[in-house]
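Remarks on the structure that follows.
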There are 2 protein chains.
Amino acid sequence: MKLLIKNVAISCDEGKTKEHQNIEIINNKITGFPTNPVESIYDKVIFGKNCLALPGLVNTHTHVAMTLFRSYADDMELMDWLQNKIWPAEEHLDDDIVYWGSMLAFAEMIRGGTTSFCDMYMYMNACAKAALSCGIRGNIARGLAGISPNGKQALQENIELFKTWNGAGDGRIQVMLGPHAPYTCPPSYLKKVREIGEKYDIPVHIHLAETKTEVNNCIKEYGITPIQLMKDIGLFDIPTLAAHCVHITEQDIRIMAEKKVCIAHNPGSNLKLASGIAPVLAIRKAGITLGLGTDGASSNNKLDMFSEMRLAALIHKATSYLPKAVTAKEALNMATYEGAKCLGYSNLGKLKEGWLADIILVDRSGFHWKPNFNDISIAVYAANSQDVDTVIINGQPLMVHKEMLTIDVERLNYEVNRVVKKLYAFNR
Amino acid sequence: MKLLIKNVAISCDEGKTKEHQNIEIINNKITGFPTNPVESIYDKVIFGKNCLALPGLVNTHTHVAMTLFRSYADDMELMDWLQNKIWPAEEHLDDDIVYWGSMLAFAEMIRGGTTSFCDMYMYMNACAKAALSCGIRGNIARGLAGISPNGKQALQENIELFKTWNGAGDGRIQVMLGPHAPYTCPPSYLKKVREIGEKYDIPVHIHLAETKTEVNNCIKEYGITPIQLMKDIGLFDIPTLAAHCVHITEQDIRIMAEKKVCIAHNPGSNLKLASGIAPVLAIRKAGITLGLGTDGASSNNKLDMFSEMRLAALIHKATSYLPKAVTAKEALNMATYEGAKCLGYSNLGKLKEGWLADIILVDRSGFHWKPNFNDISIAVYAANSQDVDTVIINGQPLMVHKEMLTIDVERLNYEVNRVVKKLYAFNR
C-alpha cells in the first residue's frame, strides 16, 4: 500500500517543528518526505491538519490481559493484593478471556498512541491472535515461574510460542522468553531458560529488582543482588530486557551496562505499588538503553504512555533536585526510539526514511496546546492520550481521525462484558 | 433556574456507586435526589447516561494568566527561568492580555472538570471580569512583592480588588490578599498585609517553603524557618492558604495545624521545578486541610486536576513505601471537599443536599474505564480530564456534553493568537 500523510507538523531532532510536511509510506516503511506530492498516486491520503506526527509510542513492559483486573483491587499491600485478589482471579483465565482482555488493552493502547507493546503473561496464543487481528506490534513471552508445578511445561509452551508466532504479521510479532523473576525462578531453572535462549536465539524479558524485599531476600539466599545473580547464571549472555530495576546498586548498573541489558522503567506502577523510584539518572549516565512501560492496568491503572512520559520527565527532577534531570525530549526518546531498541528493533522509533512506519498524529487543537512554543514540551508535559488522532502501525492505518479501523468497538464492549462476567463468576 | 441531572451514577461516601440517580438543582444549590422526577417541572434536564457525577474539582493554587507562558521555557534552572524568561515577558502584560490569558485558562479548566480556582497574579480586574463572564468560581488575589517599588501600590490595588469584586457573581468571586512569599515580602510589609487582612476580614494566599534555597536563606537571615517567621509576624492570625510547603519541619507542621493554616499541595509543579516532594503524610496526620493545585501552566504545563489527583495518590506511596499512603478516595477528597475548605467554603465539594451546585459528569465509556469495579479508583488512577462531559458551576451549566456554553471557542482562539503576538512582540 502507498500511503501519504499530508500537511502534518514534524518535530526535528534539533527540537524545532517543521509545519506543513508530508510523509510517504510504502508497505511498512517510511519512504520519504515529498514536498509536492501528487495525491492521486497514493492508495490513501490522511490529512494531518493541525496535527503533530510522532513516532508511535512503545510500551516496553506490560501484562496485556491484566487489563481485566483494572480497579479490581487498589490501594492494597503488594502481597495481600497478589495472594488474595490477583492470583485467585488468574486461576479462572482461559483463551477466550485472555483474547478479549488483550483486545481491550490493544484498543486502549491504539486509542492512546501506543504502537508496540512488550508482554509477559499466559494464554499467549490468544494474545498473539488478538494482536494480529488488530494490527498492533508486540513482543510476547510466556510468563515462566520455575517454582510452579507447571514450570517445565510453561517453558515448553514458550518454545512453541516462538516456533508458532515469531515473525508473524509481517514481523510485527516477536517472541521472547518470559522468566518471571529471580524469586519465582531458581538458578537451575534460569540456566535452562538461558540454554533455550541460546539454542533458539530468543531474547529474555524478566522482572528484576522491583522491590526492596526482593533484593534483600536474594542477598539473604544467594549473598548477591538479583542483577549479580543473573550475571553469574549467564542470563545476561543473551539479550535481556529487565523490567523495573528500582533497587539496584552502582555495581549492578555497571554489570547491566557491560552486558548491554535493556531496562523497562515503569514509573506509574512503581509509584502505585509503593516499590520506589528507579535511579534513572545513574542508569542513563551508564549508557543503558532505557524504555518506558505501564506494567499491567491492574497496577497503574491504565495503559497510557503519555502519562508514563510525563512521570518519567517529572519524578526524577524532584528526587535529584535537578530541573534538567530528564528533559521532555529525553522522555519522548525513551518512549519511542529507546523503547524500540528494548524490543530489539534498530529501525523503529524515529520518523526517518527507510524506518518502519509506526506513526501517530497528535491533535494540537485542545486548549492545553495553547500557546505552543515547543511541541515536544507540550507533548510530554501537557498532552493527553486522548489527543491522539491517527495511528499507523507497520504502514497500516489502525485509527484515522479517532475512528478505530481494525477493532469493532461495539463487539469489543459486548465481549468484554461477557468475559468479565465469566472471569469473576467465582466471586459471586 | 430549576435543573435536573437525570440518570447519573453517584459515588457514595462508603465508596460504592449508586447507578441511575437524579440530582435536582434549584438556583445555585443541590436541593435533592428525587427518585421519580417529573421532567416537565424543570427548566433544563441534562441526561447523565453512563456518566459519574462528582463534585467539581478545586484548583487551590494557580496563576491563571501564566497560561500564556505555557511551553515558553521548560527544563531550565528556576532562577534562569524566572530572571531570563518569565519576568522579562511579564513586563509586557496588560489588561487585554491577562483577560484572554485568563479566559484560555478557564476554558481549559472547565473542559477538564475544574470548577473553582485560587489565583494570585496581576491585572486581576481583567481576571475577575473573565471569570464572571464564563461563570467559573474563583478566589483572586493581587500578587504582592514588598521588595518591589510598586509594593505599596499593589497592596492598595488588592484592597480595591476586594472592595470591587468580593462576593461578585452571586458569591462566586472571593478576594484574598496575595503576599507573594517571605523572600519577596519583608516582615514589615507582611505586618501591613496582616493589618489590612484584619481590618477588612480578608484571608491570605501566600507561597511558603517551596524550595530548599528559600528555607535556607530565611534561616540565614532570620534564624527561623519561613513558617515560624510567618507565625511570629502574626500572619497566621488571619485565615491563610499556604502554597507548596515542600520543605517544612515537624515544628512547622505543628504550627500550621495549631493556626489552622490550609495548604495547597502542587505535586506537578514541585516535581517539574525540581523543588522536591512535600511531606503530605505528616501534613495529613496533623489534621491540616490540604487541597491540590496545578500552579501556573508555565510550571506544570497544564491546568489538569485529574493529573494532580493521580500524582498526589501516586508519589507519596513511593516515597513512604506505603501502598495506602494516599488512597484514591483521599486524593479525590483533597481535590474537592478539602480544596473547597482551602478557599473558605464549608458548603462546597460534596454532592449533598443544600450544598453549592458545582458538579461535573465524567463519561465512563472510554476503554480505560473497563472493567470498572471502583469508580473512584478509575477516576483517580485512570481517568483523564478529557473524560469530563458536563460541568455545572453554582447551578449554571457551563459545558454540556462537551459543548462550551459560556465561552465562544472560536473567538477565544482568535483572541489568544492576537494577545500572544502582542505579548511576545518584544522577543522578535
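Letters go in sequence order (proteins before strands), and every chain restarts at 1. Since this is a predicted model, take the numbers as computed values, not measurements.
- For the pair A/Lys302 and B/Tyr381, the cation-pi test (distance below 6.0 Å, angle within 45°) is failed.
- Heavy atoms of B/Ser320 lying under 4.5 Å from chain A are absent altogether.
- In this structure, the portions of A/Ile315 lying under 4.5 Å from any heavy atom of chain B include both its backbone and its side chain.
- The number of heavy-atom neighbours closer than 6.0 Å to NZ of B/Lys402, taken from other residues, nucleotides and ligands shown, is above 12.
- At a threshold of 4.5 Å between non-hydrogen side-chain atoms, the residues B/Asn417 and A/Lys370 do not count as touching.
- Other residues, nucleotides and ligands contribute at most 12 non-hydrogen atoms within 6.0 Å of the CD atom of B/Glu403.
- Inter-residue side-chain proximity for A/Leu311 and B/Leu271 is flagged as unmet; no heavy-atom pair is nearer than 4.5 Å.
- Within the 4.5 Å cutoff, side-chain heavy atoms of A/Arg310 are placed close to those of B/Ser307.
- Looking at A/Leu303, neither its backbone nor its side chain comes within 4.5 Å of chain B, counting heavy atoms on both sides.
- Here B/Asn300 is the residue among B/Asn300, B/Val380, B/Val326, B/Thr211 with the most heavy-atom pairs under 4.5 Å with chain A.
- Contact tally against chain A (heavy-atom pairs below 4.5 Å) for B/Leu104, B/Ile277, B/Val420: the top residue is B/Leu104.
- A cation-pi arrangement is present between B/Lys212 and A/Tyr321, with the terminal nitrogen or guanidinium carbon under 6.0 Å from the aromatic centre and inside a 45° cone about the axis.
- Residue A/Thr327 touches chain B through both its backbone and its side chain, counting heavy-atom pairs closer than 4.5 Å.
- Between A/Lys272 and B/Pro323, the closest side-chain pair of non-hydrogen atoms is not below 4.5 Å.
- B/Asn301 touches chain A through backbone and side chain together, each having a heavy atom under 4.5 Å away.
- B/Val409 touches chain A through its side chain: at least one heavy atom from C-beta onward sits under 4.5 Å away, while N, CA, C and O do not.
- Neither the backbone nor the side chain of B/Ala313 comes within contact range of chain A; no heavy atoms are under 4.5 Å apart.
- Interface remark: of the candidates B/Arg111, B/Lys324, B/Gln386, B/Gln386 forms the most heavy-atom pairs closer than 4.5 Å to chain A.
- Within a 6.0 Å sphere centred on CZ of A/Phe373, heavy atoms belonging to other residues, nucleotides or ligands number more than 12.
- At a threshold of 4.5 Å between non-hydrogen side-chain atoms, the residues B/Pro371 and A/Leu423 do not count as touching.
- When heavy atoms are compared at a cutoff of 4.5 Å, A/Thr67 approaches chain B by way of both its backbone and its side chain.
- In terms of heavy-atom proximity, A/Ser385 sits nearest to B/Asn384 at OG-ND2, 3.5 Å.
- Taken to the nearest 0.5 Å, the CE atom of A/Met103 stands 11.0 Å off from the CZ atom of B/Phe367.
- Interface with chain A: from residues 68-77 of chain B, residues B/Leu68, B/Arg70, B/Ser71, B/Tyr72, B/Asp74, B/Asp75, B/Met76, B/Glu77 qualify, criterion being any non-hydrogen pair under 4.5 Å.
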